Amino acid sequence: MSQVGTAKQIFEDLKKIVGDNYVFTDQETLYDYSHDETEDLSFLPDIVVKPDTPEQISAILKLCSAHKISVTPRGAGTGLSGGALPVNKGVVISMERFNRILKIDERNFQATVESGVITQIFQEAVIPKGLFYPPDPSSRGSSFLGGNLAESSGGPKAVKYGVSKDYVLNLEVVLPTGEIIWTGANVLKNATGYNLTQLMIGSEGTLGIITKIVFRLLPYPPNDIVMLIPFRSSEQACEAVNTILLGGVRPSALEFMERDAIEWSARYLNISINIPDDINAHLLVEVDGNDMDVLFKEAEKIYELIAQYDIGEPLVGDTAQQKEDLWKLRRNVGHAVKSNSIYKEEDTVVPRAELPVLLKGVKKIGSKYGFKSVCYGHAGDGNLHINIVKGDMSKEDWDTKVTEGIKEIFGLCVSLGGTISGEHGIGYVQRPYINIALSEKSIELMRGIKKVFDPDNILNPQKIF
Ligand SMILES: Cc1cc2nc3c(=O)[nH]c(=O)nc-3n(C[C@H](O)[C@H](O)[C@H](O)COP(=O)(O)OP(=O)(O)OC[C@H]3O[C@@H](n4cnc5c(N)ncnc54)[C@H](O)[C@@H]3O)c2cc1C
């Protein structure tokens, strides 16, 4: 914010809108809202506000529009592409007070929630009603549902159940100009005009602020089997993913982890796990459903299908605790890598059958540019998270060679029919690469859409493009 007098007035106006207790300018709070989980980036905002109604957000956006002040919507700050970073300073709108589950409509298999509800809290709230919200990003213990939609988040269960966007029927959104709209209707079919609901999803807080969400839900599958299968060859583990699916089994999760990924996660969690020296990767496979006999048959079938590969002894989670421990290993890989080294995480995605080609290519490109990568991800969706770790690389090599290597990896993804982000979004850090994946015309159309929604470019500027 430029002039001191104007800044003071805006501070006072914001307090009138949300109340004195919900406007912050102290350094500690500004720092807390200056970063997310993306690398080590930090941008201090001028002001943090914590509204709790759409009308308050509308008034904030009108005020900021009038003064051309940048506004950054923020969920839980678990993003991995820097979407919630206030790179232009200005006002951060935290959605943390939008934390109410408003209605669980068992008759219609639907629920209406505010967008600051934590993903796992929502999942657990619908289970006693016999209902199921499958999308489960590994950050589900802290990420918000609104953040999930803004990033079009996925997660392990996407291989069977699809991603967050597949469960959204209708959204309440506050537009950058302050109007409050509903994007659709609470129905399973809707052929009424353009699909504004899906346009908002994945728009990374650049087109509007999501305040309420109407989800569709499924019946809850009460049983599951979880297996950790060791492979001697990482490429064979990737190949096995498609073999399982082509063999007619539809697992509810099919996750790939290179040896380092699982080892680092075990060390991070202080879990002891004995991985024989010749094992280079694991698949974490889950099947779920109603009938345990059917699930046992599916697990046996998976074992038969992968017997053609050079595998070690699978570990099957017998108790709820053992299953949870296996999942913990997978869910904490990201945190483990972060605690180990400076890193860059790429969120590549290719058609599933191309996964072994991608993995081989990543390692080859890494050798060419001199970097090490730790790969893992939602292999059932062809989604490979490539964590490039700095280790003892010089700063100069890290800044130059790694960027060249990333461009080559993204080029490879696109040449295989894939793209540069499957679920983390483009945000701030992937912007330099977007034209590897999108044509100039597509980017021009997207910029046009942004202009229609946000003529003054106040909402989350410097993101995506
Ligand atoms: C350990 C770890 C594991 C992860 N695992 C996964 C995974 O398995 N799958 C996956 O997809 N992602 C994963 N992520 C990434 C991240 O958790 C997701 O992108 C998540 O959806 C972000 O939600 P958030 O509430 O933290 O959003 P934030 O990080 O706060 O914001 C993300 C973006 O959404 C916008 N935004 C937030 N709320 C709103 C709103 N109400 N209206 C409009 N825009 C909004 C912000 O402006 C920003 O652009 C992981 C992250 C970590 C740290």
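Nothing here was measured: the structure is a model prediction, and the numbers come from that model. Indexing begins at 1, ligand by ligand and atom by atom, following the structure's order.
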Just which atoms of ligand 1 are under 4.0 Å from any heavy atom in [X]?
X	value
A150	34 (O), 35 (C), 36 (N), 44 (N), 45 (C)
M95	41 (N)
H335	1 (C)
S115	41 (N)
G205	43 (C), 44 (N)
E204	47 (O), 49 (O)

For [Y], does the six-membered ring have the charged nitrogen or CZ of [X] within the cation-pi criterion, i.e. under 6.0 angstrom from the centroid and within 45° of the normal?
X	Y	value
R97	Y22	yes
R331	W327	yes
K50	F24	yes

Ligand 1 versus [X], non-hydrogen atoms closer than 4.0 Å: side chain, backbone, both, neither?
X	result
K463	neither
S153	both
E37	side chain

Using a strict cut-off of less than 4.0 Å between a Lys/Arg side-chain nitrogen and an Asp/Glu carboxylate oxygen, indicate whether [X] and [Y] qualify as a salt bridge.
X	Y	answer
E114	K212	no
R74	D36	no
E124	R140	no

Looking at non-hydrogen atoms alone, which of [options] comes nearest to [atom]?
atom	options	answer
atom 22 (C) of ligand 1	I209, T78, I57, N460	T78
atom 24 (P) of ligand 1	A84, A76, G427, G79	A76
atom 47 (O) of ligand 1	S152, S421, P135, P73	P73
atom 2 (C) of ligand 1	G208, S139, G83	S139
atom 33 (C) of ligand 1	E151, R140, M200	E151
atom 20 (C) of ligand 1	T206, V333, N148	N148
atom 11 (O) of ligand 1	G82, G154, P156	G154

Aromatic ring pairing H385/H378, orientation class (parallel under 30°, perpendicular over 60°, tilted between): perpendicular
Protein contact to [atom] [nearest heavy atom, distance to 0.1 Å]:
atom	value
atom 27 (O) of ligand 1	G147 CA, 3.6 Å
atom 41 (N) of ligand 1	I210 O, 3.0 Å
atom 37 (C) of ligand 1	G75 N, 3.4 Å
atom 6 (C) of ligand 1	S138 N, 3.6 Å

Hey, does [X] sit under 4.0 Å from ligand 1 if you only count heavy atoms?
X	value
G334	no
G77	yes
L80	yes
T72	no
H378	yes

Looking at Y167, F132, F122, which one forms a ring-ring contact (aromatic ring centres under 6.0 Å, His included) with F215?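 The residue from Y167, F132, F122 that satisfies ring-ring contact (aromatic ring centres under 6.0 Å, His included) with F215 turns out to be F122.
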Would you say NZ of K15 has more than 12 non-hydrogen atoms from neighbouring residues, nucleotides or ligands within 6.0 angstrom?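 Yes, the 6.0 Å shell around NZ holds more than 12 heavy atoms from other groups.
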Are there more than 12 heavy atoms of other residues, nucleotides or ligands under 6.0 Å from atom NZ of K165? no
Going by heavy atoms in the side chains, are Q27 and L44 under 4.5 Å from each other?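 Side-chain contact under 4.5 Å: yes.
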Under a 4.5 Å cut-off applied to non-hydrogen side-chain atoms, are N186 and Q110 in contact? yes
Distance, nearest 0.5 Å, that separates CG of L315 from CD of Q322: 7.5 Å
Ignoring hydrogens and geometry beyond distance, is a side-chain donor-acceptor pair present between D456 and S65 at under 3.5 Å? no
